[in-house]
Amino acid sequence: MVNIMYGAFQKYYSALLNLRRFDKENDFFNNISCLDNFFSEFRSITFVLQKSIAHTKYKSLYEKYRQTYLSDCKWFVEKRNQTIKEEPFPLVKQINISIYFANIGFSVDSQKFYVENDVPLITLIHKFEDLFSQLDPVQVFFSAKFSFYEKNNNENIFLKIIDGINTMHSFLLGMYKETDEKCDLCDELILKIEEIKRFFIIDDILLINDYVYYPQKKKFDKSQTITMFPGGGPLLRSPLSGFDICKIQNSDNDYFKKFVFMHAIQQNTELMPTIMTVYSDKTFTLDSFTSDIKTIFYRKINETAKRIIEEDIIEVYFMTVYVSFELEHINIPSVERSPYIKKEYLTFMKVDYNLNEEEYVFDGNLLKDMGYIFNNILYGKKAELGFGKNNMQPIIEAFITKRQD
């Protein structure tokens, strides 16, 4: 006999599959179809579940969990009724183009598109070739960030949808746990759901494209990005006390030193660049990322600077690897400099609300020596930024602005 929860999990999985087919670069016809089908399947989850438990002892349990989790899901009901009975989802797409340099980032264009006036992304990007060529003859780093809305409503629909997905997830898992009935099909579906659900928490993949333009070649390259969010979600806040497992001399409340130690003891320069933000309530977030082009490196710094203004961030740590090469190679694209690298430096930077600066630099050639690592952690701290001064400038300016406000 099939478990009473199986049908609901299957409908939930079907809803996620339809949403997974949504892509920022799809045309409007495909994306509207994905949304219409998502709302239909998502609304059917509770229909199917109500029928399967109608004559069971779990009917009161359903009402309890529905009140706890689904009382705020009216928008999904409205969208399902609208897209089935009235009209396709009235989708609006907004694209923001931002340019990044080593010490600054700024927006150059923001446009909204509807099904009636959509254009391919590459057409929009090509409009900026002359501007890019004027800014830098070698390379220009830029990104295209997508946002999606409902017509006549400025609320980001993906934030609403992801919130609804998480709520439904908790509802179904809570119900399944309390029914206490073994269901192999449900367990298999839950694994598939967890796998597809992870896609919707990665903003960099879902809604942002990073590029570099080479004016001399009149060529664009799109990045291949990898992001990693410890704890299972983007920018998940965790207690700083989690760092207390790290025992190193004179570091009881020095979480930057602990951050340095926990990465430096891995003894290599192949670590993903990582930004750690510390909040006034003694929590932190970690954001680790890498890419085949440097755009994400600059973008993440500028995004963190914006978060400083908007959130209660009091410290920012940044880990990355800097390289040295002869000045004669400064005017070639960064992706072509690898053969000319002379040395690598694993570098850790910190700036806080009071504009204090700290920096640790490790010679990549000496990282196999644990004595060198410990000695540098204990005695090698610099009281101001050196290697990282340029890149951390948006962070510094954000803290200055926050102090003034």
Side-chain angles (χ1 to χ4, degrees), residues 15-35 38-39 75 79 89-100 105-115 118-125 128 141-151 153-166 195-212 220-229 232-236 275 285 287-307 310-311:
L16 294 182
L17 275 182
N18 279 291
L19 190 61
R20 177 64 180 86
R21 297 186 184 105
F22 188 104
D23 188 275
K24 56 185 177 290
E25 294 188 56
N26 280 350
D27 62 34
F28 269 79
F29 306 116
N30 286 340
N31 278 342
I32 289 172
S33 177
C34 292
L35 289 176
F38 164 77
F39 286 118
W75 183 74
K79 293 309 109 182
F89 187 86
L91 185 64
V92 179
K93 174 175 67 179
Q94 181 170 323
I95 302 178
N96 295 301
I97 306 293
S98 296
I99 293 176
Y100 301 100
F106 52 90
S107 176
V108 294
D109 190 49
S110 180
Q111 292 191 40
K112 286 187 176 180
F113 299 91
Y114 306 83
V115 66
D118 193 24
V119 298
L121 176 61
I122 193 63
T123 301
L124 180 63
I125 289 174
F128 298 98
F141 303 102
F142 70 102
S143 67
K145 182 171 185 177
F146 294 71
S147 303
F148 293 92
Y149 305 92
E150 183 179 6
K151 193 173 183 180
N153 190 326
N154 291 325
E155 218 173 344
N156 189 311
I157 64 165
F158 258 97
L159 296 180
K160 290 175 70 74
I161 288 174
I162 290 172
D163 185 55
I165 287 172
N166 291 332
E195 181 179 351
I196 196 171
K197 189 170 173 285
R198 281 195 291 269
F199 173 81
F200 301 114
I201 64 174
I202 303 179
D203 188 59
D204 290 290
I205 295 175
L206 190 64
L207 296 174
I208 302 175
N209 285 350
D210 291 318
Y211 299 91
V212 59
F220 293 94
D221 274 348
K222 180 180 175 182
S223 75
Q224 300 296 319
T225 298
I226 299 174
T227 60
M228 180 177 68
F229 302 107
L235 306 181
L236 178 71
I275 297 175
T285 68
D287 191 358
S288 298
F289 50 89
T290 190
S291 174
D292 54 342
I293 63 175
K294 292 169 64 175
T295 308
I296 190 173
F297 179 97
Y298 301 140
R299 173 169 62 79
K300 289 285 189 177
I301 289 289
N302 281 271
E303 288 174 350
T304 303
K306 182 179 179 182
R307 287 175 48 222
E310 299 171 347
E311 303 174 23

If every non-hydrogen atom of [X] is compared with every non-hydrogen atom of [Y], which pair is closest and at what distance?
X    : Y    : answer
E150 : V92  : C-CG2, 4.2 Å
S223 : S291 : CB-OG, 3.2 Å
K24  : L206 : CD-O, 3.5 Å
A144 : I95  : CB-CG2, 4.2 Å
I293 : D221 : CD1-O, 4.2 Å

Please round to the nearest 0.5 Å and tell me the distance separating atom [atom1] of [X] and atom [atom2] of [Y].
X    : Y    : atom1 : atom2 : result
N156 : I162 : CG    : CD1   : 8.0 Å
D210 : Q224 : CG    : CD    : 11.0 Å
L91  : F28  : CG    : CZ    : 5.0 Å
F297 : Y100 : CZ    : OH    : 13.5 Å
K222 : I125 : NZ    : CD1   : 8.5 Å
I122 : E25  : CD1   : CD    : 9.0 Å

**Q.** Check against side-chain contact (heavy atoms from CB on, under 4.5 Å), T304 and D287
**A.** CA-CA 10 Å; T304 303; D287 191 358; over 6 Å; no
Could I get the full list of salt bridge (Lys or Arg N to Asp or Glu O under 4.0 Å) partners for [X], not counting sequence neighbours?
X    : answer
K294 : none
E155 : K160
K112 : none

According to side chain to side chain donor-acceptor pair (under 3.5 Å), who are the partners of [X], at least two apart in sequence or on a separate chain?
X    : result
Y149 : none
S110 : Q94, N96
K151 : none
R20  : none

Using ring-ring contact (aromatic ring centres under 6.0 Å, His included) as the criterion, list what pairs up with [X], not counting sequence neighbours.
X    : result
F89  : F39
F142 : F132, Y211, F220
F146 : none
F158 : F22

With heavy-atom distances below 4.5 Å as the criterion, would you say the side chains of [X] and [Y] are in contact?
X    : Y    : value
L35  : F148 : no
I208 : E303 : yes
I97  : Q111 : no

Q.
Which residues pass the side-chain contact (heavy atoms from CB on, under 4.5 Å) test with F29, not counting sequence neighbours?
A.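 Listed in chain order: D27, V115.
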Q) So F113 and L124, side-chain contact (heavy atoms from CB on, under 4.5 Å) or not? Walk me through it. A) CA-CA 11 Å; F113 299 91; L124 180 63; 4.3 Å; yes
Q: Using modelled atom types only, decide if a donor and an acceptor are shared between the side chain of N302 and the backbone of G105 within a distance under 3.5 Å.
A: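 Side chain of N302 to backbone of G105: a pair is present.
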Q: Please say whether more than 12 non-hydrogen atoms of neighbouring residues, nucleotides or ligands are located less than 6.0 Å from CD in E195.
A: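 No, not enclosed.
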Q | Of D118, N26, D23, the residue whose pairing with N31 passes side chain to side chain donor-acceptor pair (under 3.5 Å) | A |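 Considering D118, N26, D23, a side chain to side chain donor-acceptor pair (under 3.5 Å) with N31 is found only for N26.
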